[in-house]
A.B. asks: 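Sending over a structure as structure tokens; questions will come in a sec.
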There are 2 protein chains.
Amino acid sequence: MPQDEIRARGLRLTPQRQLVLNAVRELGHATPEEIANTVRQMHPGINLSTVYRNLETLETAGFIIHTHLGHGGATYHAADEITHLHLVCGKCGKVDESELADAKDFVEIILKKRGFATDVTHFAIYGTCAACQVK
Amino acid sequence: MPQDEIRARGLRLTPQRQLVLNAVRELGHATPEEIANTVRQMHPGINLSTVYRNLETLETAGFIIHTHLGHGGATYHAADEITHLHLVCGKCGKVDESELADAKDFVEIILKKRGFATDVTHFAIYGTCAACQVK
DNA sequence: TAATTCAGCGCAATTACTTGCAATTAATTC
DNA sequence: GAATTAATTGCAAGTAATTGCGCTGAATTA
Ligand SMILES: [Mn+2]
Ligand SMILES: [Mn+2]
Ligand SMILES: [Zn+2]
Ligand SMILES: [Zn+2]
């Protein structure tokens, strides 16, 4: 049964926690506010601070991961869903995706030169999309 | 004279604006709070909102650029000072730098495959530094 | 230099996120 | 299934960044 995955990581299974995890899995790229709204369909009283704290706990436990797509806050993914780069256009805001493999050589260069192990998904790749370059 | 550069871009030259620009140029990688503290040495009464608004105005005018080094807010550079990648360690927080040229091939791949023009300096390159990998 | 105008200022209110703490409740033990 | 214990919750207060608005003063004109 799915709730055992939470207990298996040494965490208490609360309705709030399970619903936050379900919401992240359903939504993908979701903000804390969007996650809270989804959770409230099943559990109207949940406090925003509970959502934020559960996102942190679930990330530490390895169920979810946050990434930064824009200038501000974070969005959350299921941990096994991070299989792509995020390309974010600074002009129109569109979020495109590309393969992780595209960054393989770059990651290797930085590792060899600096000994630095890059996580290319944590921050978005920022720039200007094809459509916005034409304008 | 240096103040003419501000007027030349169609902006009013106020003491606050000039001091914010000077502070960004002196400090490099500076947060709005650090910039405010520097400005206050000359102009104690300046309001934080004035600092934030001037940073925005000076960026639009092309004098400065913001980048994201951490999970939160932005830091500011002089526009002509962006000559390197930022490598930020998620474990110890250390910020290293590397050459823009290291990303040249990666930028080309994304441009060819997606038509997307990457600005590799806007977001930091996130990962784990050599020292923190050993631990 | 004096009068005019509106960009930019300070301040207070708002939004987004975080933290401290007492009450609740999931999990364990009897 | 009642008692125990401590993780987790809700709530209220705190901190960081943003916005609305009336006043100020930099720039222009005469
Ligand atoms: Mn940004
Ligand atoms: Mn982050
Ligand atoms: Zn675009
Ligand atoms: Zn490190």
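Here is the naming used below: chain letters follow the sequence lines, and residue numbers restart at 1 for every chain.
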A.B. asks: Mind checking if A/Glu33 touches a base, just sugar-phosphate, or nothing, with heavy atoms under 4.0 Å?
C.D. replies: nothing

A.B. asks: Can you tell if the side chain of B/Gln18 reaches within under 4.5 Å of the side chain of B/Asn22, non-hydrogen atoms only?
C.D. replies: yes

A.B. asks: B/Gly45 near the nucleic acid: base, sugar-phosphate alone, or nothing, with a heavy-atom cut-off under 4.0 Å?
C.D. replies: sugar-phosphate

A.B. asks: Verify the ring-centre separation between B/His66 and B/His122: is it less than 6.0 angstrom?
C.D. replies: yes

A.B. asks: How long is the gap from CZ on B/Arg9 to OG1 on B/Thr60, to the nearest 0.5 Å?
C.D. replies: 9.5 Å

A.B. asks: Take nucleotides 18-27 of chain D nucleotide by nucleotide from the 5' end and write B, S or -, depending on whether a protein heavy atom sits under 4.0 Å from the base, only from the sugar-phosphate, or from neither.
C.D. replies: BBBB---BBS

A.B. asks: Does any donor atom in the side chain of A/Arg53 or A/Ser49 lie under 3.5 Å from an acceptor atom in the other side chain?
C.D. replies: yes

A.B. asks: Please classify the nucleic acid contact of A/His71 as base, sugar-phosphate, or nothing, using heavy-atom distances under 4.0 Å.
C.D. replies: nothing

A.B. asks: If you find the nucleotide of DNA chain C closest to B/His43 and the one closest to A/Ala74, which residue's nucleotide is nearer the 5' end?
C.D. replies: B/His43

A.B. asks: Extract, from 5' to 3' on DNA chain C, the first and final nucleotides lying under 4.0 angstrom from some heavy atom of chain B.
C.D. replies: C/dC6 to C/dC11

A.B. asks: Would you please name every residue forming a side chain to side chain contact (heavy atoms under 4.5 Å, CB included) with B/Leu58, sequence neighbours left out?
C.D. replies: B/Arg17, B/Val20, B/Leu21, B/Phe63, B/Ile64

A.B. asks: Look only at the side chain of B/Arg7 and the backbone of B/Leu13, and say whether a donor-acceptor pair between them is shorter than 3.5 Å.
C.D. replies: no

A.B. asks: Assess the pair A/His71 and A/Tyr126: is the distance between their ring centroids shorter than 6.0 Å?
C.D. replies: yes

A.B. asks: Compute whether any side-chain donor of one residue and acceptor of the other, for B/Glu33 and B/Asn37, lie under 3.5 angstrom apart.
C.D. replies: no

A.B. asks: Do the side-chain N or O atoms of A/Thr50 get closer than 4.0 angstrom to the phosphate oxygens (OP1, OP2) of D/dT9?
C.D. replies: no

